[in-house]
Student: 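Dropping a structure here in structure tokens format, bear with me for questions.
Remember, it's a predicted structure, so these values are computed and weren't measured experimentally.
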Amino acid sequence: MADAKDSRHIARITISMHERDNVAIVGNDGGLAAAVVLSSGLVLRDRVPQGHKVALVDLAKDAPVVRYGIPIGYALNDIPAGSWVHERMLRMPAARELDNLPIATVKPTPMRPLEGFTFEGFRNADGSVGTRNILAVTQTVQCVAAVTDFAVQRIKAELLPKFPNVDDVVALEHGYGCGVAIDAPGAEIPIRTLRNISLNPNFGGEVMLVSLGCEKLQPERLMPPGSFAIIDERSLSGETLDVVCLQDDAHVGFMSMVESIMRQAEEHLERLNARVRETVHASELVVGVQCGGSDAFSGVTANPAVGFCTDLLVRAGASVMFSETTEVRDGIDQLTSRATSPEVAAAMIREMAWYDAYLTRGSADRSANTTPGNKKGGLSNIVEKAMGSIVKSGTSPISGVLAPGEKLKQKGLTYAATPASDFICGTLQLAAGMNLHVFTTGRGTPYGLAAVPVIKVATRTDLARRWHDLMDINAGSIADGSATIEQVGWEMFRLMLDVASGRKKNLG
């Protein structure tokens, strides 16, 4: 609910999320000053910055501070009504134990299928659909990164203009592959991640590798037989792996290596250029959702709108991934209860248990997740942050779980286990097969991905105004009262179809 009246016609906006909440956040740009009187009659005892919480009632020491209808902390001392409530005044709740959780207890009424929505995409031989037509140059080892980057810049300048149907050329750089323990426990994670990124639908099945020659991650280890499908009849044996090895004797000098990469790239560009978009159902969308630079508005405006859109996508038969283990851990009971089966719930618990063990090994505390920027934006701790993050998943049943680097193989809503770090999360969703990305931000970040279009959603109108050339949707209109969550969710859904069709190409 919002409070937006005063005698001087200056809106005083406070927003609470649940009838049990005993705090509300201030919605006004610049916050509200001490002594301001809200329409409820409550007088602010302190200046409260935008996005920060104000106590709606007197809170005794150790009393729960409730937002989203749950305790996000406990008062360290008495907090009078009208006070600014921030992280230094709260004791964070203990993490929910991973046993005795509600398992597949939520049985939502099936939602009506959403029919009649299509986009123009690139159909691949394996049945997947790309939203972009991109040549990716994969690398087996970090040692070739500089040579590959130089070659890709020349490809973009000299070759790409000859192939108007190809959207871009990207180098898939990484810091792996040389003196690694290639058979060590866990080594399969970076290897399958690199492999599955190379097989992303937006790359059209054109697998091209640059190798040094002496690395432990040999091309055949990265791309074993059977791991990728050809898109034409260029190999009678069924598959071919196109590798440029820089240590080959044929390479005499630096430019010989570069020209070899360019020659091979031109063959791939010719095949990609012959591809055309075709009308496909919206069910071919594979959408990853993520938030970064979050603030207290993330769980009020942008993320709920994404959640509404997530439900629309699931109704349309599409695939949606939400992630960020380090954030959703504090809402694990909400997730396991929405699992479609005990097996799905157990897989989520497995990922959260891994994170708990990781923190224990490093003698770290989960509270470190909340950054200085999050706190400046009004988020007091990871519990409050988690509640605002989870709403991106909407209300649909959670039908699957992916471990890091795994490839998505089903429709519906999936939990893809990733860290909350923006680029790592996006990269792992890319490996899962994402062809479109939605990213919400309150503090602001110039985050983007070269391989898939990224729809950027601002949580606040002020951010959308200041970063007008970086934000695509202003969910701040929800807090302003000029739009509803449903309206912004539909705006997002329709924009996705336009972006996936290539009608809007400046997103990334």
Student: To the nearest 0.5 Å, tell me how far T370 OG1 sits from L379 CG.
Tutor: 7.0 Å
Student: Could you tell me if the side chain of E384 sits less than 4.5 Å from the side chain of N381, heavy atoms only?
Tutor: yes
Student: For a side chain to side chain contact (heavy atoms under 4.5 Å, CB included) check, start with the C-alpha distance between L269 and I155, then their side-chain angles and the critical distance, and finish with the verdict.
Tutor: CA-CA 10 Å; L269 289 168; I155 293 167; 4.0 Å; yes
Student: Donor-acceptor pair, distance only, cut-off 3.5 Å: does the side chain of D472 make one with the backbone of K456?
Tutor: yes
Student: Measure from the side-chain N and O atoms of S128 to the backbone N and O of N124, and report whether any donor-acceptor pair falls under 3.5 Å.
Tutor: no
Student: For a 4.5 angstrom cut-off between non-hydrogen side-chain atoms, does M262 reach L159?
Tutor: yes
Student: Hey, what do you get for CG (N435) to CZ (F122), rounding to the nearest 0.5 Å?
Tutor: 12.0 Å
Student: Tell me the salt bridge (charged side-chain N to carboxylate O under 4.0 Å, His left out) pairs involving residues 144-161, sequence neighbours left out?
Tutor: R154-E158, K156-D168
Student: If we check side-chain contact (heavy atoms from CB on, under 4.5 Å) with P397, which of these qualifies: T340, V314, L413?
Tutor: T340
Student: Taking NZ, NE, NH1 and NH2 as the nitrogens, is one of them in K375 or E87 under 4.0 Å from a carboxylate oxygen of the other?
Tutor: no
Student: Kindly indicate whether the side chain of L222, heavy atoms from C-beta on, has any atom under 4.5 Å from the side chain of L209.
Tutor: yes
Student: Given the rule in the side-chain hydrogen bond (donor to acceptor under 3.5 Å, both in side chains) test, do T148 and E173 qualify, once you have shown the distances and angles that lead to the verdict?
Tutor: CA-CA 9 Å; T148 306; E173 298 180 7; over 6 Å; no
Student: Are V280 and T118 packed together at the side-chain level, in the sense that at least one heavy-atom pair is separated by less than 4.5 angstrom?
Tutor: no
Student: Do E120 and R503 sit within salt-bridge range, that is, some charged N less than 4.0 Å from a carboxylate O?
Tutor: no
Student: Taking only residues two or more places apart in sequence or in another chain, which ones pass ring pair (Phe, Tyr, Trp, His ring centres under 6.0 Å) with F322?
Tutor: Y415
Student: State whether R221 and D183 are salt-bridged, where the test is any N-O pair (Lys NZ or Arg NE/NH1/NH2 against Asp/Glu carboxylate O) under 4.0 Å.
Tutor: yes
Student: Can you confirm whether more than 12 heavy atoms, excluding those of D249, are under 6.0 Å from its CG atom?
Tutor: no
Student: Has the side chain of D311 got a donor or acceptor atom that lies under 3.5 Å from a matching backbone atom of S396?
Tutor: yes
Student: First locate atom NZ of K385, then atom OG1 of T371, and finally report the distance between them rounded to the nearest 0.5 Å.
Tutor: 5.5 Å
Student: Is it true that a side-chain atom of N196 and a backbone atom of A432 form a donor plus acceptor pair closer than 3.5 Å?
Tutor: no
Student: Side-chain contact test, heavy atoms from C-beta onward, threshold under 4.5 Å: evaluate it for Q429 versus H437 and give yes or no.
Tutor: yes
Student: Please give me the minimum heavy-atom distance between F203 and S198, naming the atom from each residue.
Tutor: CD1-O, 3.6 Å
Student: So, taking the atom named OG1 in T326 and the one named CE in M352, what distance separates them when rounded to the nearest 0.5 Å?
Tutor: 9.0 Å
Student: Taking the side chain from R277 and the backbone from S501, do they hold a donor-acceptor pair closer than 3.5 Å?
Tutor: yes
Student: Does the plane of the ring in Y358 sit parallel, tilted or perpendicular to the ring in W354? Use 30° and 60° as the thresholds.
Tutor: parallel
Student: Any side-chain heavy atom of S323 within less than 4.5 Å of one from Q290?
Tutor: no
Student: Distance from L172 atom CG to L430 atom CG, nearest 0.5 Å?
Tutor: 8.0 Å
Student: Check for a donor-acceptor pair, side chain of T445 on one end and backbone N or O of Y447 on the other, with a separation under 3.5 Å.
Tutor: yes
Student: Does anything in residues 125-165 pair up under ring pair (Phe, Tyr, Trp, His ring centres under 6.0 Å), and if so which pairs, sequence neighbours excluded?
Tutor: F150-F254
Student: Answer with yes or no whether the side chains of N303 and S298 bring together a donor and an acceptor at under 3.5 Å.
Tutor: no
Student: Run the numbers on E351 and T325 for side-chain hydrogen bond (donor to acceptor under 3.5 Å, both in side chains), then give the verdict.
Tutor: CA-CA 7 Å; E351 297 300 334; T325 299; 5.4 Å; no
Student: Compare every heavy atom of T193 with every heavy atom of A431, then report the nearest pair and how far apart it is.
Tutor: CB-O, 3.7 Å
Student: Taking all heavy atoms of I261 and all of A151, pick out the closest pair and write down the distance.
Tutor: CG2-CB, 3.8 Å
Student: One thing to verify: whether E324 and K392 come together as a salt bridge, which I'm taking to mean a side-chain N less than 4.0 angstrom from a carboxylate O.
Tutor: yes
Student: Working to the nearest 0.5 Å, report the span between CZ of R329 and OG of S389.
Tutor: 14.5 Å
Student: I'd like to know whether S211 forms a side-chain hydrogen bond (donor to acceptor under 3.5 Å, both in side chains) with E215, so could you lay out the CA-CA distance, the side-chain angles of the two residues, the decisive distance to 0.1 Å, and finally the verdict.
Tutor: CA-CA 8 Å; S211 163; E215 64 271 20; 2.6 Å; yes
Student: Ignoring hydrogens and geometry, is there a side-chain-to-backbone donor-acceptor pair from N200 to N202 under 3.5 Å?
Tutor: yes
Student: Between H174 and Q142, does a side-chain hydrogen bond (donor to acceptor under 3.5 Å, both in side chains) hold up when you go through it step by step?
Tutor: CA-CA 6 Å; H174 59 85; Q142 68 266 39; 5.3 Å; no
Student: Between the side chains of R366 and D330, is the shortest nitrogen-to-carboxylate-oxygen separation below 4.0 Å, so that they form an ion pair?
Tutor: yes
Student: If you count the non-hydrogen atoms of other residues, nucleotides and ligands that lie under 6.0 Å from CD in Q410, is the total more than 12?
Tutor: yes
Student: Can you tell whether the side chains of R460 and D295 come within less than 4.0 Å, N to carboxylate O?
Tutor: yes
Student: Kindly state whether the ring of F493 and the ring of F308 have centres lying under 6.0 angstrom apart.
Tutor: no
